[in-house]
Each structure stands twice: as C-alpha cells, then as structure tokens.
Amino acid sequence: MQKQVLIVEDEPAIRDMVAFALTRAGIEPVHAADTRTAQEAIAARVPDLVLLDWMLPGMSGLEFARRLRRDELTREVPIIMLTARGEEDDRVSGLDAGIDDYVVKPFSTRELVARVKAVLRRSHGESEEGTVELGGLRIDGPAHRVFAGERPIAIGPTEYRLLHFFMTHPERVYSRAQLLDHVWGGNVYVEERTVDVHIRRLRKTLEPFGLDALVQTVRGSGYRFSTTI
Ligand code: CA
C-alpha cells in the first residue's frame, strides 16, 4: 500500500510544495491547514508519518505532537517537525514530546523527502514482523527480544535497532552516515561518533555470549555484520 504522509501546515505555499515533492517520490500527501483538519484526516486513516509545522493557528505543533503521542491510535506514528530558524532551541522540548526529526525552514524539498523516507524506513523496520536468525543470534521481531541460542540477551533499544538492521542486511559494509540514516532515521542532531558508541555497546552486549566478533570494523569504511571472521 502506498505510504501516506499528513502535512499539517498553515502556509498553503509550503504545503503545496511539500505535497508536490512527496507525490513525485511516490508518497501520498494529505493536506491539513490546522490541527482540527488534521484530526479529521487521522480519523479517516492513520497516516504513516506526520509532517508538523511548529507554528500553527489555535494549537502549537508541539502541543499537537504531545496529543498524538498520548492517543493510542497515533502513539507509534513518526513525527517530523518543521521549524523556523530560531526555534531550534525549543527542540529539547520537542524531543520530550517524542518528535522523530526536525527540518528547519527554509528547507530543500529534496532534503525533506530524504528525511521522510529515512524515518519511514526506520519505523517500518521497527514494526517488521517475524524472526531473523543468523550467526547464533535470533531476533524475535514481534516480541522485540534477542536470543543467543535459548538464552535471552538484555539489550538497549538503540542496540536492538542496530542489531536488527545488521541482521537483516548482513555481509555488507555500512558507513557511519549510512547507519545513521537507516537506524537513526537521518536525525540531524545525532553525530557520527554516536554510531561508534552504540557499536561498542552492542559488542559489549554480545561479548558474554562470545558473539561480539559478528560486528566487525572495516577500517576506513565503517561496520559490517558478518558470520565470516
Ligand atoms: Ca506556520
């Protein structure tokens, strides 16, 4: 089914520009000039992602984001916030509200579409069903659990996402930037060295099971998940 993105933005010119770019990328846009219209659109169909303007008439984008997070129906729907320059300082409160990413105006539609795709990929990956087994590890997707043989592994949420990505894309080298894009959804506020931190944690998590060598450093290129040493 075609992915649907709800654009909540009171400036028609920006809304149209974004909708045009999304359509060209094969994504179905839904327009909402205010949060009331957005709520009606959500009642008709829960979108795959919400693009939310920070400054809206009536209710702020941030307030609306909090409401979406509280609602059972929209709790898991990723949100990308559109902010004007100068509002970036408020991003901390946005992160508290569960915003997945930010795009600062004026933005290029190319950049925006890339972010939308990255977040959609990530959220899709998280909800991916089924079990993946490789190199003595088993990921139980629906249960969000990892096992070494029959032994359960306690793993952090980011390490889980990282491992899930690796196990579904084995034997290939990924640069830090590519891992950021796939696992963190290209969040602009995450630095590349964050990847190294979580790779270290992932190895530490796997070490007691003798499986840390599955996560390999490829000098000058990045990281790879491989069952061949
Ligand atoms: Ca606005």
Side-chain angles (χ1 to χ4, degrees), residues 1-124 126-127 177 180-191 194:
M1 190 158 64
Q2 201 182 18
K3 297 277 184 194
Q4 196 183 72
V5 170
L6 176 62
I7 312 164
V8 192
E9 163 66 78
D10 57 317
E11 286 168 69
I14 295 180
R15 222 168 50 231
D16 289 345
M17 178 182 79
V18 171
F20 182 71
L22 288 174
T23 305
R24 271 186 30 174
I27 298 164
E28 185 189 345
V30 177
H31 295 247
D34 51 55
T35 55
R36 223 185 96 187
T37 316
Q39 204 67 63
E40 284 167 10
I42 289 166
R45 175 182 159 180
V46 177
D48 296 290
L49 185 146
V50 178
L51 276 174
L52 188 54
D53 185 28
W54 191 279
M55 294 295 281
L56 288 165
M59 184 192 285
S60 81
L62 191 61
E63 212 180 316
F64 188 61
R66 289 212 172 92
R67 180 184 284 195
L68 293 178
R69 282 292 163 266
R70 277 197 305 267
D71 190 336
E72 190 83 42
L73 201 64
T74 50
R75 185 167 292 160
E76 305 284 331
V77 177
I79 301 170
I80 296 180
M81 207 86 188
L82 306 175
T83 70
R85 220 164 271 290
E87 290 167 353
E88 296 110 304
D89 289 346
D90 295 326
R91 68 178 185 243
V92 175
S93 42
L95 290 172
D96 286 345
I99 307 296
D100 293 84
D101 202 359
Y102 286 84
V103 175
V104 179
K105 293 178 186 175
F107 51 80
S108 77
T109 50
R110 216 175 121 189
E111 182 200 352
L112 181 71
V113 168
R115 297 283 189 80
V116 166
K117 282 184 169 173
V119 172
L120 284 175
R121 257 202 312 272
R122 185 182 60 173
S123 64
H124 176 70
E126 276 181 346
S127 61
L180 274 185
D181 186 36
H182 288 290
V183 179
W184 280 262
N187 189 324
V188 72
Y189 296 111
V190 181
E191 294 171 43
T194 305

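These numbers come from a predicted model, not from an experiment. Atoms within each ligand, like the ligands themselves, are counted from 1 in listed order.
- Residues satisfying the side chain to side chain contact (heavy atoms under 4.5 Å, CB included) test with Val30, not counting sequence neighbours, are Gln4, Leu6, Ala41.
- Two residues are said to be in side-chain contact when any heavy atoms from C-beta on lie closer than 4.5 Å; Met55 and Glu9 fail this criterion.
- A salt bridge links Arg75 and Glu72; the closest N-O separation between the charged side-chain nitrogens and carboxylate oxygens is under 4.0 Å.
- Under a 4.0 Å N-O distance rule, the pair Glu76/Arg69 does not qualify as a salt bridge.
- Excluding waters, the set of protein N, O or S atoms lying under 3.0 Å from the Ca ion (ligand 1) comprises Asp10 OD1, Asp53 OD2, Met55 O.
- Formation of a donor-acceptor pair under 3.5 Å by the Ser108 side chain with backbone atoms of Glu111 is found in this model.
- A 6.0 Å sphere centred on CZ of Arg45 holds more than 12 heavy atoms belonging to other residues, nucleotides or ligands.
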